[in-house]
Amino acid sequence: VFAAHFTLEAKKAGYEVDESFLRYLLKYLKKKLEKKETITYYYNSNRRKKIAPKEVAYSLYVLALAGEKPTALLNYYHSRTEQLSLDSKYLLAGAYALTGNVQKASEVLPEAFEGEKAVTSFGGSFYSYIRDEAIALNVLLEIDPDNQQVGRMVKHISEILKNKRYLNTQERTFGFLAMGKFARSLADTDPKGVLKANGKVIGAFENKELKVNAADIASKTVELTTEGTGKLYYFWESEGISRDGSYLEEDKYIKVRRNFYNRNGILVSSNQFKQNDLVLVEIALTGLTNQYVENVAITDILPACFEIENPRLTTLPPGMNYPNTRSHPQYIDIRDDRINMFSYARSRTYYYYYLVRVVSTGTYKMGPVSADAMYNGEYHSYHGAGTIVVKRK
């Protein structure tokens, strides 16, 4: 399938190819598609399911790219999408679009490349999460280059190609194929843009990457005006604590929550404590998709009235017990004003605990507990800022 696809792409690009060789390859694909096989597919770290081999949807896409119309097989897998991996759904949608059936293509096409992360395979079709996303991006650039998913996927794939030290042949090939198509689509364009904050120009885009500091746009109305031809892509990232304590409380793909319990295991919902109380802090981390999210950093910034008791101790003071739901983070970093835990997220809830002592009376501000995927800032959760009141015993 890979050879047939490469030959067709070379032909489209104007290179001379051996037509008899191409016909032989396409005939072979049709023969292989007569078998309705399934394989065990591993994804999201430790999950598995039976799917149609990835080369099935890939073969249908390549046949459609060659001008064939394998309608019966397309409809067969359209009625069995549960047998398709995430990238195979993009390929099936691409095959439908190339045969002119736009309606069926829109029915199959996923809204985003998320929720399923293939475990890298060292045989068979050599699939991996990177390879699969690059294939999906290539399909979108072929059938729907204006799709809203393109910008995000281009950014992701380009960062991987630039920064990942080791890539296998398929990851490089499909990454370069997709990025080459995207670059070619920009060849005859000349987009320009002006960025304003509260009406004042703070930067101009002239076909070179424009970066602005968060301080230049903080708490301001930002306006981006464009002219020229082509597309102009933008994104922004920010992190930190605002001076006035305000923040955006939201759950994007993951969810983190914090609860307080007294030494008798009773939930403290009032945020009111007595000096010298021992408080068990519960941090609950939940994945909101089926995707396995690695390297999640959880940060709980403490109000000034709390002092962390060493959470590495395996036992609690007499009369206190850890709940049976307790999980263990991969690493803990203890600071004077916060605790950082590093773990992962799946479509279940993990409960982490640590102990604090209430040391000072008064009224204190408490920041939110946060969870961020360290290598993909889109995956984050911030929740639970408030006020802590401490009274004397």
Side-chain angles (χ1 to χ4, degrees), residues 9 12-15 90 93-94 97-98 102 105-106 109-114 130 133-164 167 171-240 242-243 246-248 250 252-253 372-380:
E9 292 287 354
K12 281 173 54 183
Y15 291 92
Y90 282 87
L98 291 170
V102 179
S106 64
L109 186 67
E111 294 183 359
F113 193 84
E114 61 188 32
I130 300 169
E133 185 175 8
I135 283 180
L137 175 59
N138 179 69
V139 170
L140 286 178
L141 291 170
E142 189 72 40
I143 67 169
D144 187 13
D146 294 325
N147 191 289
Q148 291 186 352
Q149 298 183 52
V150 168
R152 181 182 298 178
M153 294 169 77
V154 163
K155 180 176 180 291
H156 189 216
I157 294 298
S158 63
E159 288 175 345
I160 288 173
L161 292 176
K162 180 180 179 181
N163 298 317
K164 190 170 172 59
L167 292 165
E171 290 168 340
R172 291 184 185 277
T173 299
F174 286 105
F176 289 147
L177 180 64
M179 295 305 297
K181 288 184 176 181
F182 180 73
R184 189 163 61 247
S185 72
L186 304 179
D188 297 324
T189 63
D190 186 27
K192 289 181 171 58
V194 174
L195 191 65
K196 297 180 181 179
N198 284 355
K200 180 182 177 181
V201 175
I202 60 172
F205 175 83
E206 295 181 350
N207 280 310
K208 290 184 179 179
E209 187 177 73
L210 170 67
K211 291 185 178 180
V212 296
N213 293 322
D216 296 332
I217 59 175
S219 303
K220 298 177 182 177
T221 300
V222 179
E223 179 185 5
L224 175 62
T225 57
T226 60
E227 60 181 26
T229 58
K231 299 183 182 71
L232 181 59
Y233 293 88
Y234 70 91
F235 69 96
W236 69 281
E237 295 177 336
S238 66
E239 62 178 281
S242 60
R243 290 181 179 178
S246 63
Y247 71 101
L248 179 62
E250 66 175 1
K252 294 293 292 293
Y253 308 109
D372 295 270
M374 294 168 62
Y375 300 102
N376 189 339
E378 292 179 76
Y379 291 71
H380 61 256

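Every value quoted in this text rests on a predicted model; they were computed, and no experiment measured them.
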### Message
Can you list everything that forms a side chain to side chain donor-acceptor pair (under 3.5 Å) with Glu142? Sequence neighbours excluded, please.
### Response
Lys12, Lys181

### Task
Kindly give the heavy-atom pair with the smallest separation between Ala197 and Lys220, and that separation in Å.
CB-CD, 3.8 Å

## Note on the structure
The side chain to side chain donor-acceptor pair (under 3.5 Å) partners of Lys231 (sequence neighbours excluded) come to Asp146

### Query
When rounded to the nearest 0.5 angstrom, what distance separates CG in Asn147 from CG in Leu141?
9.5 Å

## Note on the structure
Residue set satisfying side chain to side chain contact (heavy atoms under 4.5 Å, CB included) with Glu250, at least two apart, ordered chain then number -> Leu248, Lys252, His380

### Message
To the nearest 0.5 Å, what is the distance between CG on Leu177 and CG on Asn138?
### Response
4.0 Å

### Query
According to the side chain to side chain donor-acceptor pair (under 3.5 Å) rule, which pairs have a member within residues 186-203, sequence neighbours left out?
Asp190-Lys192, Asp190-Asn207

### Task
Would you check, one step at a time, whether the test side chain to side chain contact (heavy atoms under 4.5 Å, CB included) holds for Phe176 with Leu161?
CA-CA 8 Å; Phe176 289 147; Leu161 292 176; 4.1 Å; yes

### Approximate separation, where rounding is to 0.5 Å, of Met153 CE and Leu140 CG
5.5 Å

### Message
Quick check: closest heavy atoms across Glu114 and Tyr379, and the distance to 0.1 Å?
### Response
CB-OH, 4.0 Å

### Message
Looking at every heavy atom in both Ala93 and Ala105, which two are closest together, and how far apart are they?
### Response
O-CB, 3.3 Å

### Query
Considering the options Val212, Ile202, Ile217, which one meets the side-chain contact (heavy atoms from CB on, under 4.5 Å) requirement together with Val222?
Ile217

### Query
Which pairs pass ring-ring contact (aromatic ring centres under 6.0 Å, His included) with one or both residues in residues 180-234, sequence neighbours excluded?
Phe182-Tyr233

### Message
Please give me the minimum heavy-atom distance between Ala134 and Ala178, naming the atom from each residue.
### Response
O-CB, 3.8 Å

### Query
Say you draw a straight line from CD1 of Ile160 to NZ of Lys162; how long is it, rounded to the nearest 0.5 Å?
13.5 Å

### Task
Apply side chain to side chain contact (heavy atoms under 4.5 Å, CB included) to Pro110 and list each qualifying residue two or more places apart in sequence or on a separate chain.
Leu86, Lys89, Tyr90

#### Entry: Chi angles and distances behind the side chain to side chain contact (heavy atoms under 4.5 Å, CB included) call for Thr221, Glu223
CA-CA 7 Å; Thr221 300; Glu223 179 185 5; 5.8 Å; no

### Query
What pairs with Thr226 under side chain to side chain contact (heavy atoms under 4.5 Å, CB included), at least two apart in sequence or on another chain?
Leu224, Leu232

#### Entry: Distance, nearest 0.5 Å, that separates OG1 of Thr173 from CD of Glu9
11.5 Å

### Task
With sequence neighbours excluded, tell me which residues meet ring pair (Phe, Tyr, Trp, His ring centres under 6.0 Å) with His156.
none

### For Val102, side chain to side chain contact (heavy atoms under 4.5 Å, CB included) partners two or more places apart
none

### Query
What is the distance from atom CG of Leu186 to atom OG1 of Thr229, rounded to the nearest 0.5 Å?
10.0 Å

#### Entry: For Arg152, salt bridge (charged side-chain N to carboxylate O under 4.0 Å, His left out) partners two or more places apart
Glu378

